[in-house]
Amino acid sequence: MAGLSWEPVIGLEIHVQLKTRTKMFCACEVAYFDTPNSHTCPVCLAHPGALPVANAKAIEYTVKLGLALGCEIAPRALFHRKNYFYPDLPKGYQISQYDVPLCGKGAFTVPEPEGDRVVGITRAHLEEDAAKNVHVGGTGGRIGGAAHTNVDFNRGGTPLVEIVTEPDLRSSDEAKRFLQLLRRTIVELGISDAEMEKGTLRVDANVSVRERGETGYRTRAELKNMNSFNFIARGIDAEIERQIGVWEGGGEVVQQTFDFDAATGKLTPRRAKEEADDYRYFPEPDLVPVEPSAELVERARAELPELPGTRVRRLEPELGFDLAEGLVASGRDRLFARTPGDRRAVANVLMNELAGAGVDPDAVDGDELGKLIEARNRVPRPVFADAIARSGDEGFSADPFLAEEATSDVAELGPLIDEILAANAGQVAAYRSGKEGLLGFFVGQVMKRTDGKADPRVVNELLRAKLSA
Ligand code: ADP
Ligand code: MG
Ligand code: ZN
């Protein structure tokens, strides 16, 4: 197939909303979801003469992130004005960083089943977010469909980090894996909640394709508005397929920006002129350069936690890649470390039952959970499920649940099984003539009659004995 000769090339641009108490250049509280326009001041509303002052916490957070991404930290970074006109930008420019970002070149290592993927980081810079346009009335959606647009300035001037990667990713899977690990890193650094659904983590994907073996890159398209990791992967796959079609059809891919529509999974092109890239950057005259002291940088470096990628590799030998990655990416590996018991059993319960019940792993007492997992074959299934669902409750104890041992009493189960076999003579005959798969049916009947409280191992044993008699 011709498709086999194409290699995708992907680079990401990621915006992270920092979790500081106040905005980037003023003392307004960061409160995106409060009453619209209830957190504003002359600075973030761009009144004439108001002067910005850089938020030291935002600088410290960005330095931490830069170090986790292996970036060089600039000893003297600059703020620039990025000029453009839009209703969500009252100054007519955004304060951002341009040729000297706070975090320069870096590399972020993503464990893959077949080895490491080292993703080059081009830069990570600090800027202010724009206000939020809320399109209302009409058919809604982007401007054009809406009757009018409201602007909420609570978000205006809040601190934002933009991370730009090199075009080093080679599939939608790799992009998703990179993003999950990056998200985990950001959350663990405590600098942002990084939640895509809430817009505190936003990702644009740049996609091109080339023939395998080709050295240069071809023209790319940019995808915006994808608000989950799965949508990003789907958007990238759709774009890869579209571009291969264009090239194979004798056409040429042109540089273009697409919006991803979550409802249809389709990419719609933006109007071509919407992104004129003439921002007329110039140094922000009202701000001094950012000069993080060597002391601050070294303290931040010393405080860096063990990174998620390293932890995946540490857990991999005992659990295998998928379980190790799943535990780390979901933030459950700390609970895994403090839960005693058979390692694979613990990992599986964390990834399946605990995740399914939506329990916050950080709220769980590992010792109590360990007791529960150890007894999982002795307590009735419904009791086990109930206990798991409550394992994150304040003061949770496994003991009351463990007291509810599964019924393994033969004197009680024997007559019940006789009754069930008598009532299902047809199935019994079928089983005896070779349809041994019917065993599950009988087990199910016993479980139903005992509200799931029968010990499945005893039930199986009794059934086999009685059916072969
Ligand atoms: P701009 O400044 O116009 O946004 P950049 O060169 O800074 O462009 O690249 C932005 C993003 O696009 C980066 O993440 C980069 O890795 C990615 N990128 C650049 N060229 C390509 C390409 N040919 N294919 C895929 N991604 C690309
Ligand atoms: Mg860009
Ligand atoms: Zn303000």
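Indexing begins at 1, ligand by ligand and atom by atom, following the structure's order.
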[X]: numbered ligand 1 atoms lying under 4.0 Å from its heavy atoms:
X	result
Leu12	14 (O)
Pro167	16 (O), 26 (N), 27 (C)
Ser208	22 (C), 23 (N), 24 (N), 25 (C)

Test salt bridge (Lys or Arg N to Asp or Glu O under 4.0 Å) on Asp193 and Lys19 and set out the steps. CA-CA 7 Å; Asp193 293 331; Lys19 205 162 65 173; 3.3 Å; yes

Taking the Zn ion (ligand 3) as the vertex, what is the angle from SG of Cys26 to SG of Cys41, given to 10 degrees? 110°

Calculate the angle formed at the Zn ion (ligand 3) by SG in Cys44 and SG in Cys28; 10° precision is enough. 110°

Verdict with supporting geometry, Glu325 and Arg184, salt bridge (Lys or Arg N to Asp or Glu O under 4.0 Å): CA-CA 11 Å; Glu325 187 195 42; Arg184 195 67 227 155; over 6 Å; no

Tell me whether His39 has at least one N, O or S atom under 2.8 Å from the Zn ion (ligand 3). no

Which bit of [X] is near ligand 1, meaning a heavy atom under 4.0 Å away: side chain, backbone, both or neither?
X	value
Val164	side chain
Asp168	neither
Arg218	backbone

Taking N or O atoms only and a 3.5 Å limit, does [X] qualify as a polar contact for ligand 1?
X	result
Tyr217	no
Val207	no
Asn206	yes

Salt-bridge present (Arg117, Glu174; N to O < 4.0 Å): yes

Heavy atoms only: which of Arg210, Arg123, Glu166, Arg220 is nearest to atom 1 (P) of ligand 1? Arg220

The one among Val209, Leu169, Thr165 that brings a heavy atom closest to atom 16 (O) of ligand 1: Thr165

Test applied, side chain to side chain donor-acceptor pair (under 3.5 Å); reference residue, Thr122; option that passes from Lys105, Glu13, Glu166: Glu166

Audit row: Tyr93, Tyr279, side-chain contact (heavy atoms from CB on, under 4.5 Å) steps and yes/no: CA-CA 9 Å; Tyr93 59 84; Tyr279 295 124; over 6 Å; no

Parallel, tilted or perpendicular, as decided by the 30° and 60° cut-offs, for the rings of Phe108 and Phe178: perpendicular

Please say whether the positively charged group of Arg218, taken as NZ for Lys or CZ for Arg, lies over the ring of Trp247, i.e. under 6.0 angstrom from the six-membered ring centre and within 45 degrees of the axis. yes

Audit row: Arg202, Glu195, salt bridge (Lys or Arg N to Asp or Glu O under 4.0 Å) steps and yes/no: CA-CA 8 Å; Arg202 312 198 280 267; Glu195 293 190 75; over 6 Å; no

Verdict with reasoning, Thr200 to Val16, per side-chain contact (heavy atoms from CB on, under 4.5 Å): CA-CA 6 Å; Thr200 51; Val16 181; over 6 Å; no

